[in-house]
Amino acid sequence: MSTLKKILIDKDNSCKSVWFMRQAGRYLPEFQKIRSKNKDFVKLCLNSDLSAEITLQPIKRFNLDSAIIFSDILMVPYALGQDVKFIKGGGPQLGKFNQDKFFNVSEKEFSLKLNPVYKAIEITRKSLDRKKSLIAFIGAPWTLLIYMLNIKKDKNEINLTDVNVNMNVVLDRLVNFLCIHIHNQIEAGADVVQIFDSWASLIPEDNINDYCYNPNAKIVKFCKKKKIPNICFPKGIKEKLKEFNQIVKSDGINLDYEIEPDWVKKNLKDVVIQGGPSPKILLQPEKEMFISATKYIQTFIDIPYIFNLGHGLLPETDPDRVKKLIEFYRNFK
Ligand code: CP3
């Protein structure tokens, strides 16, 4: 059994495990080399051999405990018929949301478009040590909708006034397709799923149930029925994490860097904790990086904890720092 499964399902507190969000990415020269020859990011995600190669890059370099498949949460809107482009320096840009198209895509068509992702998982699993976990992922319905409807004004604000779709119906249809995507990734050889709700902080107070807790809970319920270990990452919801945990009941919760580890220990029960430290700690002088990491590692020393960060590794991160942080965690007593 992979270490992540042991920690998430058996709540095994005796094994250590470390991986990072965006561990395969722009901070790695070996990724940059492939990326510079593959300008179209969606096409790169659909190249199964390269996707598997990129997934394994940080495992080869750092011997991490888990690999996360190289893909993107926006491959789901792509498979649902929406135009998806990644503009250099400008982030993702999606074509206008077409309701007719969205409601007419068949499940078969959807899975077929994502077949290269499943193939990449198969290839990766073959070269990955059995003890290591292969992590599949999805974007939570709300976070996908932020991009699909293009409703984010800036980092802290959304504009829901021009939205002329029935949000709950669209969210439900997304839940359905996301469960299919999880199922297909697990069938292909992944053994854990992480659910990214990166923009949960932008949900209006009155809608938190409908837009965050309920869709996440439905997906987790599906995972539990299929015995798929799952980790939720509702970023930026602060003390609402307690309510999230009581309602959604995922196997694991990834912390962001805004929530205090002491608060988490007191308030989040019966759930495996993952992550927490800001990715910026890797930009600090070495001693300070270790102090920042210690705050989390020490607090969670006697509960099942997976070491990770409070968001993805930043492109300006020195790979040597990543190595040092992994060593520090593994040698921590
Ligand atoms: O974590 C991993 O190593 C696995 C691969 C992965 C990527 N994106 C690759 C990627 C995962 C799990 C994601 C998730 C993702 N994608 C999220 C949720 C996590 C989070 O960051 O909050 C979101 C919101 C996206 C959407 C997205 N994809 C954005 C906003 C951007 C552009 C800005 C940025 O953050 O880099 C991407 C591009 C992207 N996805 C890159 C990578 C390696 C960079 C591509 C490049 O320019 O080379």
Side-chain angles (χ1 to χ4, degrees), residues 18-47 50-62 64 66-78 82 84-94 117 120-121 124 133-148 150-152 154-155 158 178 181-182 185 190 192-202 216 231-237 254-258 274-275 278-279 308-317 319 322:
V18 47
W19 70 279
F20 298 113
M21 293 179 275
R22 294 287 170 96
Q23 62 189 23
R26 286 168 295 186
Y27 74 105
L28 284 182
E30 55 270 39
F31 170 76
Q32 291 285 15
K33 202 173 158 197
I34 295 181
R35 182 74 169 104
S36 65
K37 288 186 228 143
N38 294 271
K39 303 276 185 226
D40 185 329
F41 186 73
V42 173
K43 268 200 191 144
L44 180 57
C45 291
L46 293 170
N47 183 327
L50 283 182
S51 170
E53 185 181 336
I54 294 170
T55 302
L56 292 166
Q57 283 177 343
I59 311 300
K60 288 198 178 118
R61 197 189 252 261
F62 307 119
L64 288 147
S66 306
I68 179 163
I69 193 67
F70 179 80
S71 177
D72 198 87
I73 62 166
L74 298 175
M75 294 308 286
V76 163
Y78 158 81
Q82 203 161 354
V84 177
K85 280 199 179 74
F86 290 82
I87 313 289
K88 209 174 179 222
Q93 252 178 37
L94 274 64
V117 176
I121 292 176
T124 308
S133 310
L134 180 51
I135 304 169
F137 67 87
I138 57 157
W142 163 261
T143 287
L144 291 183
L145 263 193
I146 285 271
Y147 293 103
M148 291 166 72
N150 194 17
I151 51 181
K152 187 159 59 71
D154 56 43
K155 262 189 138 158
I158 46 161
L178 289 167
H181 190 36
I182 292 174
Q185 292 185 83
V192 172
V193 66
Q194 176 139 331
I195 304 160
F196 288 94
D197 215 346
S198 305
W199 295 109
S201 58
L202 297 181
N216 277 286
I231 305 165
C232 281
F233 184 21
K235 189 169 176 284
I237 64 168
N254 195 102
L255 307 179
D256 60 51
Y257 41 83
E258 287 177 344
Q274 174 175 279
S278 166
N308 200 317
L309 297 169
H311 206 192
L313 283 167
L314 298 163
E316 59 267 43
T317 307
V322 177

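All ligand and atom numbering here is 1-based and tracks the order in the structure. We number each residue from 1, following the sequence as shown. Any value given below was found using the heavy atoms of this structure, including those in side chains, with hydrogens, waters and symmetry copies removed.
- A donor-acceptor pair is defined here as one N or O able to donate and one able to accept, closer than 3.5 Å; such a pair exists between the side chain of T143 and the backbone of S198.
- Ranking the protein heavy atoms by distance from atom 43 (C) of ligand 1 puts F70 CE1, 3.8 Å first.
- Nearest non-hydrogen protein atom to atom 20 (C) of ligand 1 is H311 NE2, 3.1 Å.
- Applying the 4.0 Å criterion to heavy atoms of Q23 picks out, from ligand 1, the atoms 3 (O).
- Less than 6.0 angstrom separates the ring centroid of F70 from the ring centroid of F31.
- Taking any N or O of T143, backbone or side chain, none lies under 3.5 Å from an N or O belonging to ligand 1.
- Remark: S71 OG to I54 CD1 distance equals 10.5 Å, nearest 0.5 Å.
- Counting only distance, with no hydrogens or angles, the side chain of W199 and the backbone of W142 share no donor-acceptor pair below 3.5 Å.
- Judged purely by atom type and a 3.5 angstrom limit, Q23 uses its side chain to pair as donor or acceptor with the backbone of S66.
- Atom 17 (C) of ligand 1 has as its closest protein heavy atom I73 CD1, 3.7 Å.
- Among protein heavy atoms, atom 36 (O) of ligand 1 sits closest to R26 NH2, 2.4 Å.
- Looking only at distances, a side-chain donor or acceptor of Q82 sits under 3.5 Å from a matching main-chain atom of M148.
- Closest to atom 35 (O) of ligand 1, if we only count protein heavy atoms, is R22 NH1, 3.0 Å.
- Looking at N308, its side chain does come within 3.5 Å of a backbone N or O of W19 through a donor-acceptor pair.
- Considering each of F86, F233, F41, W19, the one bringing a non-hydrogen atom nearest atom 41 (C) of ligand 1 is F41.
- Of the candidates W199, F31, F137, the one placing a heavy atom closest to atom 11 (C) of ligand 1 is F137.
- Residue contacts with ligand 1: F20 is excluded, as none of its non-hydrogen atoms falls under 4.0 Å.
- Here the protein heavy atom with the shortest distance to atom 24 (C) of ligand 1 is Y147 OH, 3.4 Å.
- The protein heavy atom nearest to atom 47 (O) of ligand 1 is R35 NH2, 3.3 Å.
- Heavy-atom contacts of S198 reach the following atoms of ligand 1: 18 (C), 19 (C), 20 (C), 22 (O), 24 (C) (cutoff under 4.0 Å).
- One distance of note links CD1 of I195 with CZ of F233; it measures 13.0 Å at 0.5 Å rounding.
- For the ligand labelled ligand 1, residue G312 lies outside the 4.0 Å heavy-atom shell.
- Heavy atoms of S71 come nearer than 4.0 angstrom to ligand 1 in at least one pair.
- Side chain of T124 to main chain of A120: a donor-acceptor pair is present (N/O by atom type, distance under 3.5 Å, no hydrogens or angles).
- Heavy-atom contacts of I69 reach the following atoms of ligand 1: 4 (C), 5 (C) (cutoff under 4.0 Å).
- Between E30 and K60, none of the side-chain N atoms (NZ, or NE/NH1/NH2) sits under 4.0 Å from a carboxylate O, so this pair counts as no salt bridge.
- For atom 27 (C) of ligand 1, the nearest protein heavy atom (residue, atom name, distance) is D72 OD1, 3.7 Å.
- Within a 6.0 Å radius of NZ in K85, no more than 12 heavy atoms belonging to other residues, nucleotides or ligands are found.
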